[in-house]
Amino acid sequence: MDSSEIYSVDAVYKALSKVYDPELDEPITRLGFVREVKIGDSVEVVISTSTYWCSPNFIYMILEDARREISRALGIDPKRVRVYIRGHHDEDRINDCVNRGERFENCYRSETWRGIEDLYRIFLEKRLIRRLYGFIKIATRYGLSLQEIAGLRRGDVIDLEDLIVIRSGSKEIRVLDSSDIAIIRSYVSLVKELIPAGEDLVIGVGSGKPIVEELETLLRTRGRAIDLGFTLNSELCRLLLESRISREAGSL
Amino acid sequence: MLVVEEPDGKRHEIFVIDYHTHIWRGDRNNWLRPDLAKGWIDCFYDYHRSLSPKEYVWDYETFLYYGAERFIRDVFVDAGVDMAISQPAYLQYFFREPFGNTEEFGKMALLYPERFIIGTRWDPREGEEGKRQLENDVRRFRVRPWQMRHVKLYTAEWKAIGGSLSRGWRLDTKEAFEYLEYNKELGIDIQVPHKGPTVWPLDKDSFDVHDVDAAATSFPELRFLVTHIGLPRYDDFAWIAKQDKNIYAGLAVATAFIKSRPRYFAEIIANLLYWLGPDRIIFGSDYALWHPKWIIDGLIRFELPKDIESEYGVELSMEVKKKILGENAARLWGIDINEVKKIHERDDISTKYGAKPRYIKIAEK
């Protein structure tokens, strides 16, 4: 059987939609980073980012995630998945290392102390806080108090495709707005990904203070600043990528 | 200078200081490593094109190098900026002569010291030799008290050291602290940290501004004006700026959102007013990344949407705009606005080039 019959381009895109730019909290497919998908004996993906200068460590995370997600989704050996960054100042080294399955700290042996796992975790936490902030904003807008939000269990959020129902005591909230639904869904899915077995819905804010106080602070300070930071980064990235693509098409 | 008339007839004279301007050397003759140099200026050009209004977009060749004459016309005459401050990044791994073109800006600062404010830069990897250079720079350009009061600290600068490449440095190291100590002796009390895409070691977040926090806490007598409001790490910047009162927010890049993304700009300003208050926010255009005229006009006319105003509990009044556009920078650099205004009335930029106060009338809604 011809391999292109086994792996569809759609399946590759679907796998890539699970790969997030850690600095932007958006999937690389939505950011327009995916430039080419080729299917032959192996799967080849080419991505470019908004600038020639993106930090090598974040590019590395994106490419490693892409390789893993594709091989997992298609059920093939990672060796048969080749992912490339194009138009980057360090592309030769990064492409070579990532596709050999080399760890970041070995690829940049003389310039690192350790791996990029800590960095990955820091940005995962920021993404969690950002999504939690979005969730709290929506839930309070629909009339839930912070006390009620703090007490929510995962089973209290019922996702019915075009509608999300949130139950808190005798209250029942029906969320119909599609952008609100997307934000709530993105928060809940990250919670489940991070702690698959738990029941609590509100996670990531345990510094010892009462949780309602934590949520209030998050809403007014850290969460709002993190949310704005991600929003600005994404917007700049999108604008720069658009400008870059049109400039390169005109080969300036 | 701006003369702004509000709909009720109230007039404001607004003195404008742009903390972030360049006369760079991006021309092809200056490309030492062409791929990297081109990659650098192309990225700048993408910033320029993506956020400038159409009528302000330059052709690529002009963007590579535009020189002091064009700078004077654009910044002082067209935009009504009163004083312009340089923030030179040298990037000598990419360019033959410093991209940050201190030579040309320096000539202007010597000719028009009440208009062009020059600063320099340092790099802790340059050791004792770098300190001597710093001292020479101060001796040469400190022609007025506000000259050579600041250094741009671009921590992502690449440098060849003993045959290998070093891709940056951090502000919280022993070597950097030695330079900060030395700054105090030289009267360089304003540090302008600027983060970039690389830093040593590469497993760290190169945009992280926590090293600024360490330096600002250890040197409370120095002021730290963080460029681009710490973007792309705005949240960390806001946090450290709230705690360290000697940290200031440089608006370059953020201001460029004003026209095409006004809602985002409103969120930025409201956020900054909430975290830092009105006295530590400083206007900058990053010219020639963006022409200051449309940014200044945008800011003068800008009103915070009511929902944002009440969510954050802040206001962007004309008095606050006045602080952001000039008064805060004047206080930082020790500039007596009234004194300088008198000199401007009869200097060459006014008489020869024709710079005069720019009148802006705010229409009734």
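Heavy atoms only: backbone and side chains are in, while hydrogens, waters and symmetry mates are out.
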(message) I'd like to know which of D203(B), L231(B), V199(B) tops the heavy-atom pair count under 4.5 Å against chain A.
(response)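 Most heavy-atom pairs under 4.5 Å with chain A: D203(B).
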
(request) For chain A, find which of R233(B), H48(B), E311(B) contributes the most heavy-atom pairs closer than 4.5 angstrom. (result)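 Going by pairs under 4.5 Å, I would pick R233(B).
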
(request) Flag the one option from K126(A), E235(A), R244(A) with the top tally of heavy-atom pairs under 4.5 Å to chain B. (result)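 Most heavy-atom pairs within the cutoff with chain B belong to E235(A).
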
(message) Looking at chain B, which one of T221(A), D118(A), L24(A), I122(A) has the largest number of heavy-atom pairs inside 4.5 Å, strictly under?
(response)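 Max contact count across the listed options: T221(A).
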
Heavy-atom contact with chain B under 4.5 Å, split by part of [X]:
| X | value |
| --- | --- |
| R220(A) | both |
| E117(A) | neither |
| F230(A) | neither |
| F58(A) | side chain |

For atom [atom1] of [X], decide whether the heavy atoms of other residues, nucleotides or ligands shown that lie under 6.0 angstrom number more than 12.
| X | atom1 | value |
| --- | --- | --- |
| W239(B) | CH2 | no |
| K242(B) | NZ | no |
| K245(B) | NZ | yes |
| E148(A) | CD | yes |
| R93(A) | CZ | yes |
| K171(A) | NZ | yes |

(message) Are there residues of residues 274-282 of chain B whose heavy atoms fall under 4.5 Å of chain A's heavy atoms? If so, which?
(response)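 Under the 4.5 Å heavy-atom cut-off, Y274(B), W275(B) qualify.
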
From [atom1] ([X]) to [atom2] ([Y]), nearest 0.5 Å:
| X | Y | atom1 | atom2 | value |
| --- | --- | --- | --- | --- |
| L232(A) | N271(B) | CG | CG | 9.0 Å |
| R222(A) | D236(B) | CZ | CG | 8.0 Å |
| K38(B) | Y52(A) | NZ | OH | 9.5 Å |
| T51(A) | F44(B) | OG1 | CZ | 11.5 Å |

What part of [X] is in contact with chain A, defined as an atom under 4.5 angstrom from a non-hydrogen atom: side chain, backbone, both or neither?
| X | result |
| --- | --- |
| D205(B) | both |
| F237(B) | neither |
| L51(B) | side chain |

(request) Taking disulfide (SG to SG under 2.5 Å) as the test, write out the residues that go with C237(A), two or more places apart. (result)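 Partners of C237(A) under the disulfide (SG to SG under 2.5 Å) test: none.
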
(message) I'd like to know if R130(A) pairs up with D235(B) as an ion pair, taking the criterion as any Lys NZ or Arg NE/NH1/NH2 lying under 4.0 Å from an Asp or Glu carboxylate oxygen.
(response)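 Judged by the 4.0 Å cut-off on N to carboxylate O distance, R130(A) and D235(B) do not form a salt bridge.
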
(request) Identify whether the distance between the nearest side-chain nitrogen and carboxylate oxygen of E267(B) and R224(A) falls below 4.0 Å. (result)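 Here E267(B) does not pair with R224(A) in a salt bridge, since their nearest N and O are not under 4.0 Å apart.
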
Least distance between heavy atoms, [X] atom then [Y] atom:
| X | Y | answer |
| --- | --- | --- |
| S206(B) | S55(A) | OG-OG, 3.3 Å |
| Y47(B) | L236(A) | CE2-CD2, 4.0 Å |
| W158(B) | H89(A) | CH2-CD2, 3.3 Å |
| L165(B) | E111(A) | O-OE1, 4.4 Å |
| G229(A) | Y234(B) | CA-CB, 4.1 Å |
| E23(A) | P232(B) | OE2-CG, 4.4 Å |

(request) Spell out, as yes or no, whether a donor-acceptor pair under 3.5 Å connects the side chain of W53(A) to the backbone of T198(B). (result)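 Not at all, since once roles are kept as given, no pair shorter than 3.5 Å links the two residues.
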
(message) Testing L241(A), L240(A), I245(A) one by one against D46(B) for a side chain to side chain contact (heavy atoms under 4.5 Å, CB included), which residue passes?
(response)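 Filter result, single survivor: L240(A).
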
